[in-house]
Amino acid sequence: MSTQPKPYLTPEQYLEIDRAAERGSEYYAGEIFPMEAVSLSHSRIVTNLSAMLHTQLRGRGCEVQGSSLRLRTEAGGPYFYPDLIVFCGLAQLEDRRQDTLTDAVVLVEVLSPSTERYDRTFKFDNYQKLASIREYLMPSQDRIKVEQKTRLATGAWETRETSDALAVLALPSIGCMIRLADIYAGVEFTAQ
C-alpha cells in the first residue's frame, strides 16, 4: 500500500481531465472518483423515469437530462453526475462548454448496493447546497422501493418512502405524477 499522498487537483484540472476522459468521474476536495458501470436494472429505471418525465414536462419550461451532464453544487466543486437532472427555465451553466449545470429542481440517483450509502448521505448533503433543488428521488434497483426527499418552504426536508407498486409519486415542484409500477417496468429482480 502506497503512503504517498494523492496530489490535490484544482477544479480546473479536474474539468480538463474529465472532459478528455471516455467515462466521467466525480470530484470532491481535490480528488477524482471514477464512476462505475451500471446494471441493466439501473439503466432501465433511469430510462423509464427519463421517458415519463420528458413526456410530462414537454412544453412546460422544464427539462430532464441524463447522467452525461455534470452538476456543480457550489463554486469550486464538488462535481457530480446524477442519474437524472430536471432543471427549469434557462439552464444555469458553469461556462461556455455547456457541460456543467449549476442548478437543478429535481435530482434522481438510483440506489445500488455499492452506491446507496454514498447517494443517501454524501451526495444528498452536497445536493442540499443547491438553492434551486426541491426534490431528490432515490429508487432502489434491487426491489420496488422509492425514497423521496422534498424541501419544504421552511428549508427543512421531508422524507417519504413507498414500496407499493400501485402508488403514485407526486413531484409538486415540477407538476409531475409517476406510478411506481412504471418506474420499474421491465426490471427483473434477482433473489437476494
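FYI, side chains are in, hydrogens and waters are out, and symmetry mates aren't considered; it's all heavy atoms of this structure.
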Please tell me if the side chains of Leu137 and Leu171 come closer than 4.5 Å, counting only heavy atoms from C-beta onward. yes
Classify the side-chain pair Asn126/Lys123 by whether it contains a donor and acceptor separated by less than 3.5 Å. no
Please test His42 against Asp83 for side-chain contact (heavy atoms from CB on, under 4.5 Å), starting from the C-alpha separation and ending with a verdict. CA-CA 9 Å; His42 183 286; Asp83 289 321; 3.2 Å; yes
Taking atom CD as the centre, does Gln13 end up with more than 12 heavy-atom neighbours from other residues, nucleotides or ligands that are less than 6.0 angstrom away? yes
Within a reach of under 6.0 Å around CD of Glu161, are more than 12 heavy atoms found that belong to other residues, nucleotides or ligands? yes
I need the Leu84 CG to His54 NE2 distance, nearest 0.5 Å. 12.5 Å
Shortest non-hydrogen contact from Leu15 to Tyr79? CD1-OH, 3.7 Å
Rounded to the nearest 0.5 angstrom, the OG-CG distance for Ser43 and Asn48 is 9.0 Å
Out of curiosity, does Leu53 fall in the hydrophobic cluster containing Val168 (side-chain heavy atoms, cut-off under 4.5 Å, transitive links)? no
Can you measure from CD (Glu63) to CG (Leu57) and round to the nearest 0.5 angstrom? 9.5 Å
Side chain to side chain, Val108 and Val46, heavy atoms closer than 4.5 Å: no
I need the minimum non-hydrogen distance between Pro82 and Tyr127, along with the two atoms involved. CG-OH, 3.5 Å
How about Leu152: does its CG atom have over 12 heavy atoms from other parts shown lying under 6.0 Å from it? yes
Measure the shortest side-chain to side-chain distance between Val146 and Tyr184 over non-hydrogen atoms and say whether it is less than 4.5 angstrom. yes
Gln56: partners by side chain to side chain donor-acceptor pair (under 3.5 Å), with sequence neighbours left out: none
To the closest 0.5 Å, what do you measure between CZ (Arg117) and CG (Leu111)? 13.5 Å
Minimum side-chain heavy-atom gap Val38-Ser112 below 4.5 Å: no
For side-chain contact (heavy atoms from CB on, under 4.5 Å), just list the numbers for Leu180 and Asp164, CA-CA rounded to whole Å, side-chain angles, deciding distance to a tenth of an Å, and then say yes or no. CA-CA 7 Å; Leu180 259 67; Asp164 179 359; 5.7 Å; no
Lys149 and Glu147 ion-paired at < 4.0 Å: yes
In Å and rounded to the nearest 0.5 Å, what is the OG1 to CZ distance from Thr150 to Arg160? 4.5 Å
Do Arg44 and Ser39 come within less than 4.5 Å of each other through their side chains, counting heavy atoms only? no
Side chain proximity check, Thr100 to Leu93, heavy atoms < 4.5 angstrom: no
Could you go step by step and tell me if Asp99 and Arg19 meet the side-chain contact (heavy atoms from CB on, under 4.5 Å) rule? CA-CA 9 Å; Asp99 58 2; Arg19 287 173 172 154; 2.7 Å; yes
Test salt bridge (Lys or Arg N to Asp or Glu O under 4.0 Å) applied to Asp103 - qualifying residues, sequence neighbours left out: none
Nearest heavy-atom pair of Leu130 and Ile133: which atoms, and what distance? O-CG2, 3.1 Å
Quick one: does Arg60's side chain get under 4.5 Å of Cys176's, heavy atoms only? yes
side-chain contact (heavy atoms from CB on, under 4.5 Å) with Asp125: which residues, sequence neighbours excluded? Gln128
To the nearest 0.5 Å, tell me how far Arg179 CZ sits from Leu169 CG. 11.5 Å
ILVMFWY cluster, Met138 and Phe122 together (side-chain gap under 4.5 Å): yes
Would the Trp157 and Tyr136 ring centres measure less than 6.0 Å apart? no
Taking every heavy atom of Ala91 against every heavy atom of Phe87, the minimum-distance pair comes out as CB-CE1, 3.5 Å
For Ser163 and Arg143, does a side-chain donor sit closer than 3.5 Å to a side-chain acceptor? no
May I ask you to test the Leu49-Pro139 pair for a side-chain heavy-atom distance under 4.5 Å? yes
Nearest heavy-atom pair of Arg151 and Ala131: which atoms, and what distance? NH1-O, 3.4 Å
Hydrophobic clustering (ILVMFWY, side-chain heavy atoms < 4.5 Å, transitive) - are Val110 and Met52 grouped together? yes
Any donor-acceptor N/O pair, Thr102 side chain to Gln92 backbone, under 3.5 Å: yes
If you take all heavy atoms of Ala104 and Ser132, which pair is closest and at what distance? O-OG, 2.7 Å
